[in-house]
Structures are given as structure tokens and as C-alpha cells.
Amino acid sequence: MSTTLVQIQVEEKRFRAHQVIDRLALDIRAGEIVSLVGPSGCGKSTLLRIVAGLETDYAGRVLIKGAKPQLHSPEVGFIFQEPRLLPWLSVADNVGFEAGRGGGKHPRVGELLAEVGLAAFTDAWPKQLSGGMAQRAAIARGLFTQPALLLLDEPFSAVDAFTRMRLQDLLLSIAAHHGTTLLLVTHDVDEAVYLSDRVVVMNSGPGRIAGDVVVPLPRPRDRRDPALGRARSEVLTLLNGAQQDYH
Ligand code: ADP
Ligand code: MG
């Protein structure tokens with residue numbers, strides 16, 4: 001039995017009069033890969049921001065390794081839908097950004113760029129990278145502090161289907177290599193099922209957990225595995241219920 005890395009108990013999150021999250025509890029074990037799916041606006045990004053320490057105004061308690069989330073904590077990395085690389089810094093300096101000025105010279109930057117297949121682009125500018133390459137650089141940056149937990153908010157939504165599959169496999173190999181726990185928001189049910197140990201379905205109005213689907217398959221997985229298809233159906237059934245609650 002592995003230990004619990006993240007404990008989430010959000011009693012309530014509001015933006016003024018608008019209640020976004022209502023009594024949501026979720027524990028994540030060290031090394032686990034968990035996806036969060038749910039209708040648009042159900043509070044997925046807000047929940048991720050709470051876990052990252054970017055949102056602090058809520059009722060409830062979130063603990064990472066027993067401590068409250070802190071902004072810029074080395075324990076937590078965040079990857080967004082867009083790479084958000086700084087255009088005036090080299091690829092290497094973007095990856096080593098957390099180390100401060102000249103962070104690109106840090107030995108781990110070279111290792112991470114090699115791991116994401118960008119060793120030849122160390123000194124390149126972000127605008128010289130394709131969308132998929134830029135997102136690989138963002139993954140390397142997210143891993144720079146060697147976080148125990150990586151939060152990803154629809155990280156592959158902006159790339160084409162083929163690049164997306166390659167990025168999914170890269171993410172899995174990286175998570176396995178570094179022992180990183182992943183909490184990932186996605187719109188793509190196939191992606192959620194393929195990547196995850198557990199898919200958590202949220203419903204909206206306000207956001208709660210509708211249910212979760214365990215995907216008990218070893219990795220590497222075959223995308224055509226019928227067991228993935230069955231998990232997909234279970235997720236879709238939960239999502240259908242979640243959509244019906246939407247108002
Ligand atoms: P999701 O990521 O599931 O699509 P979000 O967490 O982004 O949903 O948003 C949940 C709800 O909270 C939406 O109705 C959104 O409009 C609202 N919301 C998100 N951020 C803010 C904010 N900073 N101020 C006001 N309302 C917000
Ligand atoms: Mg969102």
C-alpha cells in the first residue's frame with residue numbers, strides 16, 4: 001500500500017455569489033495517475049488551482065505531504081494547456097526558470113531536455129519550436145524542481161491527435177522514471193482512460209464528484225485493449241449523469 005500524497009477536502013469554493021465547488025473530497029496516493037473529467041465550467045481548473053496554492057479563498061482543507069499547498073513549492077509542478085514559455089528566454093532558461101537568472105546552465109536542464117527529446121534545442125528561442133515541442137519544453141520546466149506532484153490542466157488539447165498520443169506516452173515514461181504523481185484535467189475520455197489509474201468524474205452546478213472509474217491495467221498499455229473500452233463506457237455513463245444534472 002502506498003502512502004497518501006494529496007488530501008483534498010473542499011467544502012465550498014465560491015466566486016462571489018457563484019458556488020463552484022461543493023463538498024468535494026479526493027485523496028491521491030503517491031505514484032498514482034488520476035484524471036479529472038467533467039462538463040465545462042464544473043470547477044476542474046479551480047480545483048487544480050486550489051491544489052497548486054494559486055487559489056486560497058475557499059472553505060476546506062488541502063494537504064500535500066501533510067502540508068498546505070504553497071505557491072512556487074518545489075513539490076508541485078503545473079502544466080497548462082498553452083506552453084507559456086517566456087519568449088525572451090532561451091528554451092534552456094525557460095526550463096531552468098525556477099533556478100533564477102542563468103538557470104538554463106543547471107545540469108538538470110540538459111538532462112530534462114534530452115528526456116523530452118529537445119537536446120538539440122537548448123539554445124533555441126521558444127518561437128522556433130512547434131506546438132508539440134513547446135509543450136515538451138513546458139513538461140521539462142514543470143519537472144525541473146523534481147516535484148512529487150505534477151498538475152496538468154488540459155495539457156494536450158492544443159496539439160494534433162498524433163502529437164497528442166506521443167506526448168501522452170512521453171508523460172507516462174517521465175512519470176514512471178521520476179516517480180511523479182499526476183493529477184490531470186482533460187476533456188478527452190480516451191486520454192483519461194489510457195493514462196490513468198483512476199478517472200474521477202465531476203458534475204456541475206456546483207462541482208462535486210459523480211464517481212470514479214478504476215483502470216486496473218498494467219503499463220505499457222495497448223490503446224486497443226478492450227478493458228480500456230469498458231472503462232471508457234463507465235466514464236461516459238457517469239458523464240451522462242453529470243451532464244443531466246447541469247443547469
Ligand atoms: P472548468 O475548468 O471545469 O471548465 P473552472 O474551474 O475554470 O471550470 O470554472 C468553474 C466556474 O467558475 C465557471 O463558472 C467559471 O466561469 C467560474 N470562474 C472560474 N474562475 C473564476 C474567477 N477568477 N472569477 C469568477 N469566476 C470564475
Ligand atoms: Mg478548465
Side-chain angles (χ1 to χ4, degrees), residues 5-6 28 30-33 45 47-56 62-159 163-164 166-186 195:
L5 179 72
V6 190
I28 300 171
E32 197 174 20
I33 300 179
S45 295
L47 185 66
L48 234 52
R49 290 170 54 79
I50 287 174
V51 177
L54 291 161
E55 285 284 353
T56 52
V62 172
L63 298 174
I64 301 169
K65 288 191 180 168
K68 272 182 159 177
Q70 307 255 315
L71 267 185
H72 300 294
S73 160
E75 293 286 7
V76 181
F78 207 125
I79 294 172
F80 302 91
Q81 183 174 339
E82 336 75 56
R84 299 195 185 187
L85 303 175
L86 298 172
W88 59 87
L89 292 180
S90 70
V91 170
D93 281 340
N94 268 285
V95 172
F97 181 77
E98 285 291 333
R101 217 181 155 79
K105 303 242 179 317
H106 194 289
R108 202 156 52 242
V109 170
E111 290 166 23
L112 286 167
L113 281 173
E115 195 171 350
V116 300
L118 290 177
F121 291 85
T122 303
D123 298 321
W125 300 107
K127 65 169 189 281
Q128 296 173 272
L129 305 182
S130 69
M133 288 158 77
Q135 199 57 329
R136 282 189 271 152
I139 292 172
R141 180 187 53 195
L143 290 165
F144 177 73
T145 61
Q146 301 181 298
L149 175 67
L150 200 54
L151 303 170
L152 305 102
D153 196 350
E154 302 187 23
F156 309 137
S157 302
V159 298
T163 304
R164 171 182 281 227
R166 294 185 55 174
L167 286 172
Q168 289 164 352
D169 287 323
L170 175 68
L171 180 66
L172 287 175
S173 77
I174 280 174
H177 177 204
H178 296 268
T180 316
T181 304
L182 306 181
L183 177 58
L184 170 123
V185 168
T186 177
L195 291 177

**Request:** Could you pull out all residues at least two apart from R164 that satisfy salt bridge (Lys or Arg N to Asp or Glu O under 4.0 Å)?
**Result:**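 Salt bridge (Lys or Arg N to Asp or Glu O under 4.0 Å) list for R164, sorted by chain: D188, E191.
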**Item:** Residues in salt bridge (Lys or Arg N to Asp or Glu O under 4.0 Å) contact with E154, at least two apart in sequence or another chain
**Value:**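 Testing E154 for salt bridge (Lys or Arg N to Asp or Glu O under 4.0 Å), a comparison that skips the adjacent residues, returns none.
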Going by heavy atoms in the side chains, are [X] and [Y] under 4.5 Å from each other?
X	Y	result
V6	L183	no
I174	V116	yes
L89	N94	yes

**Message:** According to salt bridge (charged side-chain N to carboxylate O under 4.0 Å, His left out), does anything in residues 66-76 pair up with another residue at least two apart or in another chain? List the pairs.
**Reply:**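 Output for this query lists K65-E75.
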**Prompt:** Does anything in residues 83-103 pair up under salt bridge (charged side-chain N to carboxylate O under 4.0 Å, His left out), and if so which pairs, sequence neighbours excluded?
**Reply:**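 The answer is E82-R84.
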Report all side-chain donor-acceptor pairs from residues 120-128 shorter than 3.5 Å, counting only partners two or more places apart or in another chain.
from: T122; atom 1: OG1; to: A119; atom 2: O; distance (Å): 2.9
from: Q128; atom 1: OE1; to: W125; atom 2: N; distance (Å): 2.7

Over all atoms of both residues, closest heavy-atom pair of [X] and [Y]:
X	Y	answer
G142	P147	O-CG, 3.3 Å
P69	V51	CB-O, 3.2 Å
E32	T181	O-CG2, 3.2 Å
I139	I79	CA-CD1, 3.5 Å
F78	L54	CE1-CD1, 3.9 Å

Rounded to the nearest 0.5 Å, how far apart are [atom1] of [X] and [atom2] of [Y]?
X	Y	atom1	atom2	result
T56	R49	OG1	CZ	10.0 Å
R166	R136	CZ	CZ	6.5 Å
Q168	T186	CD	OG1	8.0 Å
L195	L182	CG	CG	8.0 Å

For [X], side chain to side chain donor-acceptor pair (under 3.5 Å) partners two or more places apart:
X	answer
S45	D153
E55	K13
T163	D160

**Request:** In sequence, state the C-alpha distance, the side-chain angles, and the governing distance for L152 and L171, and then conclude on side-chain contact (heavy atoms from CB on, under 4.5 Å).
**Result:** CA-CA 10 Å; L152 305 102; L171 180 66; 3.9 Å; yes
If the condition is side chain to side chain contact (heavy atoms under 4.5 Å, CB included), which residues does [X] pass it with, not counting sequence neighbours?
X	result
L63	Q7, R61
E111	R108
A137	L85, V91, L118, L129

**Prompt:** Would H106 and L112 satisfy side-chain contact (heavy atoms from CB on, under 4.5 Å), going step by step from the backbone distance to the final call?
**Reply:** CA-CA 10 Å; H106 194 289; L112 286 167; over 6 Å; no
**Asked** Can you list the residues that meet the ring pair (Phe, Tyr, Trp, His ring centres under 6.0 Å) rule with F97, with sequence neighbours excluded?
**Response**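 F97 satisfies ring pair (Phe, Tyr, Trp, His ring centres under 6.0 Å) with no other residue.
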**Flag, side chain of Q135 to backbone of F80, donor-acceptor distance under 3.5 Å** =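 Side chain of Q135 to backbone of F80, a donor-acceptor pair under 3.5 Å: yes, one is there.
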